[in-house]
Amino acid sequence: MSTPMSTRAQLTFDELGTPLRDTTFVVFDLETTGGSAEQDAITEFGAVKVRGGEVIGEFATLVDPGRGIPPEIVALTGITDAMVYTAPRVDEVLPAFLEFAAGSVLVAHNAGFDVGFVKAACQRLGYHWPKPAVVCTVRLGRRVLTREEAPSCRLSALAQLFRASTTPNHRALADARATVDVLHGLLERVGSLGVQSLEELLDYIPEVTAAQRRKRTLAENVPNDPGVYLFRGPSDEVLYVGTATDLRRRVRQYFTASETRRRLREMVALAERVDTISCAHPLEAEVRELRLLSAHKPQYNRRSKNPRHGWWLVLTEEAFPRLSLVRKPREGALGPFRARGHAEEAMAALQEATGVRPCTLRIPVGGGEASPCALAELGRCAAPCVGGQTPDEYAPAVTSVVSLVAGRELGPLNRLHLRLTELSSAQRYEQAGGERDRMRSLIRALDRGQRLAALAKVAELVAARPDGSGGWEFAVVRHGRLASAGVARRGVSPMPVVESLIASAETVIPGDGPLLGAPAEEVGVVLRWLDKPGTRMVRCSEPWAEPAHAAAKWRGWLDRADRARASTLPRD
């Protein structure tokens, strides 16, 4: 095995190839007039030579591209025509850069772009391309870092993650210096995994597997439309479902080195066919994906193992109702909650705010216990179990829950806020923090549940969003479900399209429960689309003012909870 990086002061017989500490890297970055190595030109070189973690040289110069720099590039980089007017041309700079980098390993962030420009310049000017080893910090980052740790592998994100001493700013030398720190951070990570030599590093960065390469033909007939794709296995079973704004481009990525997830590489190896469903716009694609996941439960989709059915809080049907956690809601339920823990927090807050009993006993009308439980002795329950309350005396607590969930009463939230203020004033910060979190979970559930339920009650709603190209995207929503979707491209009269979509829309028969039978996740997806800036209401079967009113009301309470959160923190 390779020697760990923490003990690599001297070469051992276990180290094979060129030790990374003895490897010279030239980390470089280019600024250009555009994204095509064949049609655009280089405007700036920046490079840093490092070995053993130490900088041993830098190379930086502006380059006259021999043409005007587009305004959008000037805005991005700050490099203007006036700045490069007296700069050397690329035929003078290129040989100097090749000499500076000779014998070194080239490193760049998104190396394909930068190396592609240098190779194209060599070909045009007649210079031999030495075919050096190349390390791409984007690919290495995707191989080393988890998505939770680094959701984005952009240079700015990785520079922040590794606390680079230089902030990237779309200037070549600054970006190269930032990439040096990113490279060193990534090398420390792979060192702990036993990667000690240049050869091991190059082997560690994933390449396209043979299985991926053989399956590239599956993407041949995929269109460049937005929509949903389904990978199918040997028995025509659905292995994986996904969405894309460009189906062809997304599906092809599964057969390239950019797909590094072991689980999905395994799925690609099993796949025999890729089916696609073109959609009018992303909302339709997202809804279709949800429905296909529910119907097929593909084994390679994580959501198939962790379905987002959600949790709901309901009042039990007995003489002294109590709150219960259920998966299937009924009318008057509070939810949905994505996590059981959040539902339990909201339940505790609701019990505290309304006086609904926290015990789990089923109590007959006249009480059924010989002595009160510990909760009664602590003052947290009026002890209906031993006749301490009659059903009529207990009824206001139940009414308070129903009214709060329906949005008709705010008294329970006032009581929670008063309790939080008292705890904070008494400097009982730990207890106040717990109360604050429970209050916040309750308010979020009220906000979400009210808005989803209000949308589900609307029999038919037609909304439109600009498509960014002068046209419109349309959605026909019935009882919270997407019933039809379409587009009117620029120059097409929109209202005939709307009438056609309404006429062909899916019939939705409302069911039971607060969302009238609609899946909570689908209603949530539709509501997020309707909430986006620029969305316009084309037609609505009935007034839909309640969601906006409820949202403002509950979000005001969320702001109040945030202020309370700050007040529960101890001050120095």
Side-chain angles (χ1 to χ4, degrees), residues 287 290-291 294 307-318 321-351 353-354 356 397-413 440-461 477-483 506-531 540-555 557-558:
V287 169
L290 291 176
R291 295 178 182 179
S294 177
R308 302 179 183 178
H309 296 318
W311 295 90
W312 298 78
L313 285 175
V314 299
L315 285 165
T316 58
E317 295 179 351
E318 52 184 306
R322 54 190 167 81
L323 291 168
S324 177
L325 267 178
V326 298
R327 284 290 199 178
K328 187 176 180 180
R330 58 174 180 263
E331 188 64 35
L334 173 61
F337 297 88
R338 293 185 177 90
R340 184 187 178 102
H342 293 159
E344 290 172 342
E345 287 182 341
M347 180 192 288
L350 203 50
Q351 290 165 344
T354 62
V356 168
V398 177
T399 302
S400 185
V401 171
V402 173
S403 298
L404 179 64
V405 172
R408 297 191 297 267
E409 183 183 350
L410 291 177
L413 296 183
R440 187 171 180 81
S441 293
L442 174 59
I443 293 172
R444 283 193 177 279
L446 291 169
D447 177 20
R448 178 173 166 80
Q450 282 271 333
R451 304 194 74 233
L452 294 180
L455 179 58
K457 290 175 183 176
V458 178
E460 182 177 275
L461 178 155
V477 180
R478 291 176 175 171
H479 293 296
R481 295 178 64 99
L482 181 65
E506 175 186 349
T507 299
V508 177
I509 300 175
D512 298 325
L515 301 185
L516 304 182
E521 194 171 3
E522 180 174 335
V523 183
V525 166
V526 172
L527 184 59
R528 285 196 299 273
W529 189 84
L530 294 172
D531 277 344
C540 194
S541 62
E542 55 203 81
W544 192 45
E546 184 183 359
H549 172 70
K553 178 171 59 181
W554 298 127
R555 286 171 186 171
W557 277 99
L558 280 172

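Just so you know, residue 1 is the first one in the sequence shown, and it goes up from there.
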Enquirer: Just wondering, do Leu313 and Val401 contact through their side chains at under 4.5 Å, heavy atoms?
Expert: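 A side-chain contact under 4.5 Å is absent here.
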Enquirer: Please report the interatomic distance CG(Leu516) to CD1(Ile509), rounded to the nearest 0.5 Å.
Expert: 12.5 Å
Enquirer: So Arg408 and Val402, do their side chains get closer than 4.5 Å, heavy atoms only?
Expert: yes
Enquirer: Would you call Arg291 and Glu506 a salt bridge, taking side-chain N to carboxylate O under 4.0 Å as the test?
Expert: yes
Enquirer: Locate the shortest heavy-atom distance separating Ala483 from Arg478; write the atom from each residue and the value.
Expert: CB-CD, 3.9 Å
Enquirer: Quick one: closest heavy-atom pair of Val287 and Val526, and the distance?
Expert: CG2-CG2, 4.4 Å
Enquirer: Looking only at heavy atoms, what is the nearest atom pair of Ala456 and His479, with distance?
Expert: O-ND1, 3.0 Å
Enquirer: For Trp312 versus Ala520, what's the shortest heavy-atom pair and its separation?
Expert: CZ2-CB, 4.3 Å
Enquirer: Test of understanding: with side-chain hydrogen bond (donor to acceptor under 3.5 Å, both in side chains), list the residues that count as partners of Ser403, not counting sequence neighbours.
Expert: none
Enquirer: Kindly give the heavy-atom pair with the smallest separation between Pro510 and Val508, and that separation in Å.
Expert: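 Of all heavy-atom pairs spanning Pro510 and Val508, the closest is CD-O, 3.6 Å.
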Enquirer: How would you list, by chain and number, every residue that makes a side-chain hydrogen bond (donor to acceptor under 3.5 Å, both in side chains) with Arg330, sequence neighbours excluded?
Expert: none
Enquirer: With sequence neighbours excluded, what pairs up with Arg338 under the salt bridge (Lys or Arg N to Asp or Glu O under 4.0 Å) test?
Expert: none
Enquirer: Does the Lys NZ or Arg CZ of Arg327 fall within the cation-pi geometry relative to Trp311 - under 6.0 Å from the ring centre and within 45° of the axis?
Expert: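 The answer is yes, since Arg327 meets both limits relative to Trp311.
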Enquirer: So do the side chains of Leu461 and Leu455 get within less than 4.5 Å of each other, counting heavy atoms only?
Expert: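 Leu461 vs Leu455: side chains touch.
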Enquirer: side-chain hydrogen bond (donor to acceptor under 3.5 Å, both in side chains) with Arg481: which residues, sequence neighbours excluded?
Expert: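 Partners of Arg481 by the side-chain hydrogen bond (donor to acceptor under 3.5 Å, both in side chains) criterion come out as none, since no residue qualifies.
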Enquirer: Distance check, rounded to the nearest 0.5 Å: Leu334 atom CG versus Gln450 atom CD?
Expert: 9.5 Å
Enquirer: Glu318: which residues meet the side-chain hydrogen bond (donor to acceptor under 3.5 Å, both in side chains) condition with it, sequence neighbours left out?
Expert: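 Here the qualifying residues are Thr316, Arg322, Arg357.
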Enquirer: Would you check if Leu325 and Glu344 make a side-chain contact, meaning some heavy-atom pair closer than 4.5 Å?
Expert: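 Yes, side chains in contact.
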Enquirer: Work out which heavy atom in Val405 is nearest to a heavy atom in Gly332; give both atom names and the distance.
Expert: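 Nearest pair, atom of Val405 first, then Gly332: CG1-O, 3.7 Å.
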Enquirer: Let's go through Leu323 and Val314 carefully: what are the C-alpha distance in whole Å and the side-chain angles of both, what is the deciding distance for side chain to side chain contact (heavy atoms under 4.5 Å, CB included) to 0.1 Å, and is it a yes or a no?
Expert: CA-CA 6 Å; Leu323 291 168; Val314 299; over 6 Å; no
Enquirer: Could you check whether any side-chain heavy atom of Pro336 comes within less than 4.5 Å of a side-chain heavy atom of Leu452, counting everything from C-beta outward?
Expert: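 Yes - at least one pair of side-chain heavy atoms lies under 4.5 Å apart.
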Enquirer: Would you check, one step at a time, whether the test side chain to side chain donor-acceptor pair (under 3.5 Å) holds for Glu460 with Ser541?
Expert: CA-CA 5 Å; Glu460 182 177 275; Ser541 62; over 6 Å; no
Enquirer: Does any N or O in the side chain of Glu522 come within less than 3.5 Å of the main-chain N or O of Leu290, such that one atom is a donor and the other an acceptor?
Expert: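 No; judged by distance alone, with no hydrogens or angles, the pair does not exist.
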Enquirer: Assess whether atom NE2 of His342 is packed by more than 12 heavy atoms of other residues, nucleotides or ligands within 6.0 Å.
Expert: no
Enquirer: How many angstroms lie between CD in Glu345 and CZ in Phe337, if you round to the nearest 0.5 Å?
Expert: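 Interatomic distance, Glu345 CD to Phe337 CZ, rounded to 0.5 Å: 9.5 Å.
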Enquirer: Tell me every residue that passes salt bridge (Lys or Arg N to Asp or Glu O under 4.0 Å) with Glu331, counting only those two or more places apart in sequence or in another chain.
Expert: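 Scan of Glu331 (salt bridge (Lys or Arg N to Asp or Glu O under 4.0 Å), adjacent residues dropped) gives none.
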Enquirer: Is the number of heavy atoms from other residues, nucleotides or ligands under 6.0 Å of Glu317 CD greater than 12?
Expert: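 Open: at most 12 neighbouring heavy atoms sit under 6.0 Å from CD of Glu317.
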Enquirer: How far does CG of Asp447 sit from CG of Leu442, to the nearest 0.5 angstrom?
Expert: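 Here the rounded value is 11.0 Å.
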Enquirer: Hey, what do you get for CG (Leu350) to OG (Ser441), rounding to the nearest 0.5 Å?
Expert: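 Leu350 atom CG to Ser441 atom OG measures 12.0 Å (nearest 0.5 Å).
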Enquirer: Please round to the nearest 0.5 Å and tell me the distance separating atom CG of Asp531 and atom CZ of Arg451.
Expert: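 Those atoms lie 4.0 Å apart.
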